[in-house]
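Below you'll find the structure, written out as structure tokens, and then a few comments.
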Amino acid sequence: MNIHERPRRLRRTEGMRRLVRQVHLDPANLILPVFVREGAKEPIAIGSMPGVVQHTQSSLKAAVNEAAKAGVGSVMIFGVPANKDANGDAACAHDSILADAIRWTKAEVGDSLPVIADLCLDEFTTHGHCGVLDAHGNVDNDATLAQYQHMAITLADAGADILGLSGMMDGQVGAVRTALDSQGKIDTVLLAYAAKYASAFYGPFRDAVESTLDGDRKSYQQDPGNVMEAIREVRLDVAEGADIVMVKPGLPYLDVIARVSGEVDIPVAAYVVSGESSMIEAAAAAGMLDRERAILETLTSVKRAGADIIATYWATEVAHLLNR
Ligand code: PBG
């Protein structure tokens, strides 16, 4: 046989494969999303998200301590309030469940684990939309920005290091940056969900936050058929002052992650969302695939596509696996 190129040489042993491996997962680049339920007396399981709970104050403390100890990079907090209203006013209150959870977390982990607060109204509105509605029941972009500005100040006051702008309103990054600057809060990092698609894979998350949404978010989240639009959204967010841009979901949008990472000179994050995780959990529970391998392969693929940072419900578990 006259074969000069034999790629298999570099795959022969684990040592050789490790030597030439280009992409490595690192706990430092993982974000752990957590849910905190106002008034919960014990952690509440989420039926559609195996292994994920709505935390109480004390289970939150344990979870963030474990994440910090395992070397996870950051924790992202979602609040589940006891009461909702049409405008999501509770989201702007200094004693909102989200603001409380930020303070509880900061008290545990200090600066060792940067705290991201989700900045969006959907958990706080009775109709479940990410913004306030106009007289016709449509999401009112600019009225929503005013609420986001209030919410941003509240969350920054509570100690959030990073605000996760997940509402997909036009101008949200600029509006929040302006509000923070006007209060002298120049160090708050803005993580812009720049390219967030209207996805079926958010289904389990809506259980986790007890969403009341009736309808869909297609008038503000992106159409799955588009990629140019993602580049436009990213360009706008960068111009408005985003520090990190995110693509969401992850696995079904690897091409978007790759395009975006080639486009910007700031970190790119990707969110492996609830439905993506639940799919793997369900298949593994049914004996259809090897759970750990599927998880590591999924996260590796997202990183290989160009994500510097990955939000995943498996963050702490994967950190333990990598540390082993
Ligand atoms: C809404 C928000 C959603 C997720 C994060 N923030 C759901 C939505 O847009 O309907 C989804 C995360 C997941 O599915 O894991 N602010």
Side-chain angles (χ1 to χ4, degrees), residues 30-36 46-54 74-81 84 88 90-91 96-98 101 116-125 127-132 139 141 144-145 147-148 151-152 155 160 162-169 172-173 176 190-224 233 245-253 269-282 295 298-299 302 307 309-315:
L30 302 178
I31 297 171
L32 175 69
V34 292
F35 304 101
V36 188
I46 301 160
S48 54
M49 296 183 73
V52 181
V53 300
Q54 291 179 329
S74 176
V75 60
M76 175 185 270
I77 307 177
F78 295 93
V80 186
K84 306 179 189 234
S96 75
I97 180 61
L98 183 51
I116 307 173
D118 183 57
L119 197 161
C120 192
L121 294 177
D122 63 311
E123 289 96 31
F124 296 89
T125 53
H127 44 74
H129 277 292
C130 296
V132 301
V139 174
N141 192 88
T144 299
L145 295 186
Q147 282 292 73
Y148 286 180
M151 192 176 179
L155 301 178
I162 304 174
L163 301 181
L165 278 61
S166 64
M168 288 300 283
M169 294 300 125
Q172 64 183 13
V173 174
V176 165
L190 299 185
L191 163 64
Y193 287 53
K196 178 174 178 181
Y197 286 85
S199 174
F201 293 99
Y202 305 149
F205 174 95
R206 294 190 187 161
D207 294 336
V209 298
E210 303 175 24
S211 172
T212 49
L213 182 69
D214 178 22
D216 60 57
R217 306 199 198 286
K218 292 179 184 170
S219 79
Y220 42 105
Q221 297 180 349
Q222 287 175 226
D223 190 291
E233 288 280 4
V245 287
M246 183 142 84
V247 175
K248 178 180 176 188
L251 214 43
Y253 296 89
Y271 197 146
V272 174
V273 302
S274 58
E276 298 178 68
S277 317
S278 295
M279 240 176 0
I280 289 177
E281 294 289 357
I295 290 171
T298 295
L299 300 184
V302 170
I309 300 168
I310 307 173
T312 167
Y313 299 96
W314 294 308

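In listed order, ligands and their atoms are each counted from 1.
Distance check, rounded to the nearest 0.5 Å: CE of Met151 to SG of Cys120 gives 7.5 Å.
The protein heavy-atom contact nearest to atom 9 (O) of ligand 1 is Gln221 NE2, 2.7 Å. Ranking the protein heavy atoms by distance from atom 5 (C) of ligand 1 puts Lys248 NZ, 2.5 Å first. Of the protein's non-hydrogen atoms, the one nearest atom 10 (O) of ligand 1 is Arg206 NH2, 2.6 Å. At the top of the distance list for atom 8 (C) of ligand 1, counting protein heavy atoms only, stands Arg217 NE, 3.3 Å. If you check which protein heavy atom lies closest to atom 14 (O) of ligand 1, you get Ser274 OG, 2.7 Å. Distance from atom 15 (O) of ligand 1 to its nearest protein heavy atom, with residue and atom name: Tyr313 OH, 2.5 Å.
No option in Tyr313, Phe78, Tyr271 other than Phe78 meets the ring-ring contact (aromatic ring centres under 6.0 Å, His included) test with Phe205.
At a 4.0 Å cut-off, at least one heavy atom of Lys196 sits close enough to ligand 1 to count as contact.
Annotation for Asp223: atom CG counts as buried by contact number, over 12 foreign heavy atoms lying within 6.0 Å.
Contacts between Asp122 and ligand 1 below 4.0 angstrom, taking non-hydrogen atoms only, involve the side chain exclusively.
The closest side-chain heavy-atom distance from Arg206 to Ser48 is not below 4.5 Å. Residues Ser278 and Phe201 form no side-chain contact, since every pair of their non-hydrogen atoms from C-beta on lies 4.5 Å or further apart. Residues Arg217 and Lys196 fail the side-chain proximity criterion, which asks for heavy atoms closer than 4.5 Å. The side-chain heavy atoms of Gln172 and Leu119, taken from C-beta on, include no pair separated by under 4.5 Å.
With hydrogens and angles ignored, the 3.5 Å screen pairs no side-chain donor or acceptor of Gln147 with any backbone N or O of Thr144.
Considering backbone and side-chain N/O of Tyr193, none are found under 3.5 Å from N/O of ligand 1.
The distance from ligand 1 to the heavy atoms of Cys120 drops below 4.0 Å at these ligand atoms: 16 (N). Proximity to Tyr271 (heavy-atom distance under 4.0 Å) selects the following atoms of ligand 1: 12 (C), 15 (O).
Remark: among candidates Phe205, Phe78, Phe201, the nearest residue to atom 3 (C) of ligand 1 is Phe205, based on non-hydrogen atoms.
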